[in-house]
Number of protein chains: 2
Amino acid sequence: MAAPSGKTDVFQAIADPTRRQLLSMLGEREMPVTVISGHFPMSRTAVSKHLRILADAGLVKERKIGRETRYRLEPEPLLELKRWLAYYERYWDNKLLALQRFVEGDETDGTISLVASEEDGTRSAE
Amino acid sequence: MAAPSGKTDVFQAIADPTRRQLLSMLGEREMPVTVISGHFPMSRTAVSKHLRILADAGLVKERKIGRETRYRLEPEPLLELKRWLAYYERYWDNKLLALQRFVEGDETDGTISLVASEEDGTRSAE
DNA sequence: TTGACATGAAACCTTTTGGTTTCATATAAT
DNA sequence: ATTATATGAAACCAAAAGGTTTCATGTCAA
């Protein structure tokens with residue numbers, strides 16, 4: 001499960017479904033490893049390794065209390081994801097996209113005409 | 001690079017930096033494989049496989065024109081990511097979070113008192 | 001002080017990933 | 001008709017990922 005190396009990328013960190021579940025679970029409340037791993041079908045050690053990866057990505061913070069280590073969500077690194085995603089917002093209100101495809105459609109064999117996207121039934125010139 | 005199997009998860013798809021770069025490149029304009037791969041330090045075949053993964057995730061659409069295949073961005077699946085991320089917005093304007101940590105911070109002696117989760121009834125107050 | 005918890009580190013194993021090279025096929029160009 | 005281009009499929013490979021089991025260490029409870 002990834003060398004315990006430092007600094008994992010946030011995209012990488014959230015790629016795994018188990019880790020996403022961990023995040024949502026730790027968002028609710030801070031929890032020690034044993035309790036956390038009780039919710040998963042894998043060994044405690046495996047969960048522990050996932051937690052390390054999340055920690056390396058800064059998505060989770062640990063805090064020792066007596067003999068147990070509690071983990072909690074640290075949402076800040078998700079902002080990077082948010083920023084990345086923000087770039088693509090421009091494609092959702094798809095005026096730009098429609099225009100772009102119109103232009104591209106032009107320099108081909110003509111088979112493609114500008115069929116607009118699903119939610120824009122208005123405009124399907126032919 | 002993943003068996004050419006069907007249906008790749010979008011989180012998985014964007015985990016790879018090369019694939020993220022592909023997305024941004026194909027957002028600009030539709031392009032054939034050879035041109036695309038010219039921008040990457042790896043073989044054309046490798047790029048082609050990345051494109052297949054993106055296509056499996058629905059993030060990219062292909063269209064054959066003569067002997068070439070052109071790829072373009074299909075942003076729609078990113079909405080899943082957006083929705084996922086939206087859940088964590090609540091942690092950024094962190095009133096809730098602050099309160100939660102205050103309560104948790106109270107039981108630093110290791111005795112878990114009242115904070116019992118839905119499913120871990122096992123460890124309730126004593 | 002002895003024993004039971006909680007946890008991480010190590011070593012190990014199997015499957016997936018990201019990449020390569022070689023080959024086959026379809027279309028274009030001469 | 002023949003050759004060149006564009007691309008995907010196959011077979012192969014090394015490294016990373018996701019797990020497991022075993023062991024060591026630190027802390028709490030009797």
Side-chain angles (χ1 to χ4, degrees), chain A residues 1-22 26 30-57 60-72 108-109 111, chain B residues 1-9 11-22 26 30-57 60-72 107-112 120 122-123 126:
Chain A
M1 199 166 307
S5 64
K7 289 297 167 192
T8 312
D9 170 56
V10 68
F11 289 91
Q12 190 63 27
I14 64 163
D16 185 277
T18 298
R19 287 195 292 266
R20 288 198 297 277
Q21 210 182 319
L22 278 170
L26 295 175
E30 179 186 65
M31 287 160 81
V33 179
T34 305
V35 171
I36 298 171
S37 78
H39 298 330
F40 292 87
M42 66 195 71
S43 76
R44 184 195 40 85
T45 312
V47 171
S48 193
K49 286 206 264 181
H50 278 300
L51 286 169
R52 172 133 324 280
I53 291 171
L54 290 173
D56 281 347
V60 124
K61 269 282 272 292
E62 27 183 320
R63 160 179 162 233
K64 299 212 59 177
I65 297 192
R67 60 182 157 184
E68 68 186 22
T69 307
R70 301 204 191 155
Y71 288 84
R72 70 168 141 74
T108 62
D109 55 9
T111 9
Chain B
M1 208 160 299
S5 64
K7 289 296 167 193
T8 312
D9 169 55
F11 289 91
Q12 190 63 26
I14 64 163
D16 185 277
T18 298
R19 288 195 290 267
R20 288 198 297 277
Q21 211 182 318
L22 277 170
L26 295 174
E30 179 187 65
M31 288 161 80
V33 180
T34 306
V35 171
I36 298 170
S37 77
H39 298 337
F40 291 87
M42 66 195 72
S43 76
R44 194 209 80 239
T45 311
V47 171
S48 193
K49 285 206 267 182
H50 279 300
L51 286 169
R52 172 135 323 281
I53 290 170
L54 290 174
D56 282 347
V60 124
K61 268 282 274 290
E62 27 183 321
R63 161 179 161 234
K64 298 213 59 177
I65 297 191
R67 62 182 156 181
E68 69 185 24
T69 306
R70 302 204 190 155
Y71 288 84
R72 70 169 140 72
E107 25 121 338
T108 51
D109 62 344
T111 320
I112 298 177
D120 78 320
T122 56
R123 189 73 167 81
E126 38 234 64

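All heavy atoms count here, side chains included; hydrogens, waters and symmetry mates do not. In what follows, chains are A, B, ... by sequence order, proteins preceding strands, each numbered from 1. Just so we're clear, the structure is a prediction, and the values are computed from it rather than from any experiment.
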Grab the [atom1]-[atom2] distance between [X] and [N] for me, whole Å please.
X	N	atom1	atom2	result
A:L54	C:dG8	CG	P	13 Å
B:I53	C:dT17	CD1	C1'	8 Å
A:D9	C:dT17	CG	C1'	16 Å
B:R63	D:dT7	CZ	P	13 Å
A:Q12	D:dA16	CD	C1'	9 Å
B:L51	D:dA6	CG	C1'	13 Å
A:I14	D:dA17	CD1	C1'	17 Å
A:E68	D:dA29	CD	P	11 Å

From A:I14 atom CD1 to A:D9 atom CG, the distance as rounded to the nearest 0.5 Å: 9.0 Å
Can you tell me how far CG of B:D56 sits from CD of B:Q12, rounded to the nearest 0.5 angstrom?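 Atom-to-atom, B:Q12:CD and B:D56:CG are 12.0 Å apart.
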Check the interface with nucleotides 27-30 of chain C: list each N/O to N/O pair with the protein under 3.5 Å, or write none.
from   : atom 1 : to    : atom 2 : distance (Å)
C:dT27 : O3'    : B:R67 : N      : 3.4
C:dA28 : O4'    : B:R67 : NE     : 3.4
C:dA28 : O4'    : B:R67 : NH1    : 3.4

Could you tell me whether a side-chain N or O of A:R20 sits under 3.5 Å from a main-chain N or O of A:A15, the two making a donor and an acceptor?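 Between the backbone of A:A15 and the side chain of A:R20 there is a qualifying donor-acceptor contact (under 3.5 Å).
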Of all residues at least two apart in sequence or in a different chain, which pass the salt bridge (Lys or Arg N to Asp or Glu O under 4.0 Å) check with B:R44?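 Checked B:R44 against salt bridge (Lys or Arg N to Asp or Glu O under 4.0 Å); zero matches.
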Might you point out which heavy atoms bring [X] and [Y] nearest each other, and give the distance in Å?
X	Y	value
B:A13	B:R19	O-NE, 2.7 Å
B:Y71	B:L26	O-CD2, 3.4 Å
A:I53	A:T8	O-OG1, 3.8 Å
B:V47	B:I36	CG1-CG2, 4.0 Å

From the options C:dA6, D:dG8, C:dT20, select the nucleotide whose nearest atom is closest to the side chain of B:E62. D:dG8
Nearest-nucleotide pick for A:S48, side chain only, options being D:dG19, D:dG8, C:dG8: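 That would be C:dG8.
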Does a side-chain heavy-atom distance below 4.5 Å link A:M31 with A:H39? yes
Under 3.5 Å, which N/O atoms of the protein pair with N/O atoms of nucleotides 21-25 of chain C?
none

Under 4.0 angstrom, heavy atoms only, what part of the nucleic acid is A:Y71 near: base, sugar-phosphate, or nothing? sugar-phosphate
Below 4.0 angstrom from OP1 or OP2 of D:dG19, is there any side-chain N or O of A:H50? yes
How do B:T69 and A:A15 order along DNA chain D: which one's closest nucleotide is nearer the 5' end? B:T69
